[in-house]
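For reference, the structure is listed below as structure tokens.
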Amino acid sequence: MFDLKAIRDNPQEFDANWGRRGLPPQTPDILKLDGERRALQTELQELQAQRNEKSKQIGEIKKAGGDAQKVMDEVTAMKNRMTELEERERTIAESLNQHLAGLPNMLAGDVPEGKDESGNVEVRKWGEPRTDKVPEHFDIGEALGLMDFDTAAKMSGSRFTILSGGLARLERALAQFFLDTHTGEHGYTEVSPPLMVKDNALFGTGQLPKFDNGFQTTTDHYLIPTSEVPLTNMVAESIVGAETLPRRYTAFTPCFRSEAGAAGKDTRGMIRQHQFYKVEMVSITKPEESKAEHERMTGCAETVLKKLGLPYRTVVLCAGDTGFGGTKTYDIEVWLPGQQRYREISSCSNCGDFQARRMNARFKDADGKNTFVHTLNGSGVAVGRALIAVMENYYDPKDGGITVPDVLKPYMGGVGKIQKP
RNA sequence: GGUGACGUGGCCGAGAGGCUGAAGGCGGCGGUUUGCUAAACCGUUAUACGCUUGUAAAGGCGUAUCGAGGGUUCGAAUCCCUCCGUCACCGCCA
């Protein structure tokens, strides 16, 4: 969310920033509502002060044994006006909040301009992309008999997959490897969080109210679309000690998405599923540390790809492509030889104090002042897509098998190659 | 799922319609004492918002906040309702 005072002081700055995302000026509406609200508030507070004063008098008169009826009638007479002001104040505050809750975060100054994906800028590239003709992962998997979309569709519909044997184990091996690397080498604390959350948790991280169509739900919960939600909400509604920052959390969880609006996109294979596994990283930092943490986190995600020997490139998202909560986002795209192109496997965002404001997450700074923390999240990395990448990059055309990358061998019980059983 | 109890400041814990932003304690901060440390003693110590003084740093006044939201009342931490959460016992269960 936003600091109304800052908007009041610098409306043109906010409008310019939102303008980079392609939004029309927002502050005229905001300032109008804010002004109305404050005027009502001032008037209401004056009445409340009078009421409190008179009520005090009544108490004193009664204690002295007098008749307070006259003053009591005076207060009663004020009530209609007060009720009216209260209601109007509430209505205006509500529409103001609704308006603010739907607006995306301020972009960092070094985010490149651009309307969409095409404006993203490559910042790094690693590895030698494999250029020989390789089948796509679904063909490799089905040929091995270890990946079954048809059977999954019978029980669950489209966008579900059944993995078995070596591929099921490869998925688990990847997750273990990611977790062990982030906990053992990158200083993250492993967390096993709830997979179902209430709406306020999704509001805190910014997925609600704006995007209320992307979720799988139960009767009274949302299934997490990413463990960014529970991990970031670990500091919601709290004041954490400065000495505990930065906090670094990682979790391996399933993620659930409705993929509404993705009709026709990536319909084949397991690139885009209703359910997939992801290892997520979340950092909670002091404001002055978040930029460096963002670079560090992106590096942590890149590290696991390097260890796996998967070629990738890192792009900084342009203004128009940066997500709702991010001030700046790096996407890491892994090389998929089956498609002969780079596909997103990780997204690392610095959210600044945006989520912290929404979930009221603060720390005591050096002056003893309660200050909003900064939050960051990044995939470290998407397990399903990593599985695809390993399959295609380590595909052996001689026998249709998949060579197991060295770093995964310990997690595969020493198996060196996944072959048709 | 059933029944019962409970939710008060950074923490513990009193208060049971007005004198309560809230006793007392712990913790924090400042000070006195002190060779150093400890102890003791004194003082201080919530947040948000509005109005206002000031170039500012910082003040003054007011409003709201005792899990959240409604209600009753001239007046609510205190009474009533709904929701959220915690605990205990019972049931069920991986």
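Chain identifiers are assigned alphabetically (A, B, ...) following the order of the sequence lines, protein sequences preceding nucleic acid strands; residue numbering begins at 1 within each chain.
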Please measure how far the [atom1] atom in [N] lies from the corresponding atom in [M], and state the result in whole Å.
N: B:G17; M: B:C11; atom1: C1'; result: 29 Å
N: B:U65; M: B:U8; atom1: C1'; result: 12 Å
N: B:C84; M: B:G25; atom1: C1'; result: 30 Å
N: B:U20; M: B:C80; atom1: P; result: 24 Å
N: B:C49; M: B:U44; atom1: P; result: 26 Å
N: B:G9; M: B:C26; atom1: C1'; result: 13 Å
N: B:G54; M: B:G60; atom1: P; result: 16 Å
N: B:G67; M: B:G85; atom1: C1'; result: 7 Å

Measure the distance from [atom1] on [X] to [atom2] on [N] and round it to the nearest whole Å.
X: A:Phe372; N: B:U47; atom1: CZ; atom2: C1'; value: 11 Å
X: A:Asp9; N: B:U55; atom1: CG; atom2: P; value: 17 Å
X: A:Met82; N: B:G62; atom1: CE; atom2: P; value: 16 Å
X: A:Gln50; N: B:C51; atom1: CD; atom2: P; value: 18 Å
X: A:Asp34; N: B:C49; atom1: CG; atom2: P; value: 11 Å
X: A:Arg90; N: B:G70; atom1: CZ; atom2: P; value: 5 Å
X: A:Asn97; N: B:G69; atom1: CG; atom2: P; value: 13 Å
X: A:Asn360; N: B:A46; atom1: CG; atom2: P; value: 18 Å

Minimum-distance nucleotide to [X] side chain [options: [options]]:
X: A:Lys5; options: B:U63, B:U47, B:C49; value: B:C49
X: A:Gln41; options: B:C49, B:A64, B:C51; value: B:C49
X: A:Lys79; options: B:C51, B:C49, B:C74; value: B:C74
X: A:Ala49; options: B:C74, B:U63, B:G70; value: B:U63
X: A:Gln48; options: B:C49, B:A64, B:G75; value: B:A64

Backbone N/O of A:Thr161 and side chain of A:Gln273: donor-acceptor pair under 3.5 Å | yes
Look up atom CG in A:Asp67 and atom CD1 in A:Ile58, then write down how far apart they are to the nearest 0.5 Å.
-> 10.5 Å
State whether the number of non-hydrogen atoms from other residues, nucleotides or ligands found under 6.0 Å of A:Glu84 atom CD is greater than 12.
-> yes
Report, as yes or no, whether the 6.0 Å neighbourhood of atom NZ on A:Lys115 holds more than 12 heavy atoms from other residues, nucleotides or ligands.
-> no
A:Thr250 side chain to A:His182 side chain, donor-acceptor N/O pair below 3.5 angstrom = no
Any carboxylate oxygen within less than 4.0 angstrom of a Lys/Arg side-chain nitrogen, looking at [X] and [Y]?
X: A:Glu53; Y: A:Lys56; answer: no
X: A:Arg90; Y: A:Glu94; answer: no
X: A:Asp406; Y: A:Lys409; answer: yes

Would you say A:Asn52 reaches B:G75's phosphate, i.e. side-chain N/O to OP1/OP2 under 4.0 Å?
-> no
Does A:Arg51 make a side-chain N or O approach to OP1 or OP2 of B:A76 shorter than 4.0 Å?
-> no
What residues, two or more places apart in sequence or in another chain, satisfy salt bridge (Lys or Arg N to Asp or Glu O under 4.0 Å) together with A:Asp266?
-> A:Arg272, A:Arg343
Heteroatom pairs (N/O) under 3.5 angstrom, protein to nucleotides 18-21 of chain B:
| unit_1 | atom_1 | unit_2 | atom_2 | d |
| --- | --- | --- | --- | --- |
| B:G18 | N2 | A:Ser55 | O | 2.8 |

Fit a plane to each ring of A:Phe324 and A:Phe354, take the angle between them on a 0 to 90° scale, and name the class: parallel (under 30°), tilted (30 to 60°) or perpendicular (over 60°).
-> perpendicular
Pairing residues for A:Glu185 by the side-chain hydrogen bond (donor to acceptor under 3.5 Å, both in side chains) criterion, not counting sequence neighbours | A:Lys307
Just jot down the side-chain hydrogen bond (donor to acceptor under 3.5 Å, both in side chains) partners of A:Asp110, sequence neighbours excluded, or say none.
-> A:Lys328
Relative to the 5' end of RNA chain B, which residue comes earlier, A:Asp73 or A:Gln45, by the nucleotide with the nearest heavy atom?
-> A:Gln45
So what does A:Arg357 touch, heavy atoms closer than 4.0 Å: a base, only the sugar-phosphate, or nothing?
-> nothing
Measure from NZ or CZ of A:Arg357 to the centre of the six-membered ring of A:Phe2, then state whether that distance is under 6.0 Å and the direction lies within 45° of the axis.
-> no
Give RNA chain B the dot-bracket treatment, 5' to 3': Watson-Crick (N1-N3 with N6-O4 or O6-N4) or G-U (N1-O2, O6-N3) under 3.5 Å, [ ] crossing, | other strand.
-> ((((((((.[[[..)..(.....]]]((((((.......))))))((((((((....)))))))).[[[[[..)....]]]]])))))))....
Identify which one of A:Lys54, A:Arg51, A:Lys79 satisfies the salt bridge (charged side-chain N to carboxylate O under 4.0 Å, His left out) criterion when paired with A:Glu74.
-> A:Lys54
May I ask you to list the residues of residues 197-205 of chain A, by number, that have any heavy atom positioned under 4.0 Å from an atom of RNA chain B?
-> A:Lys198
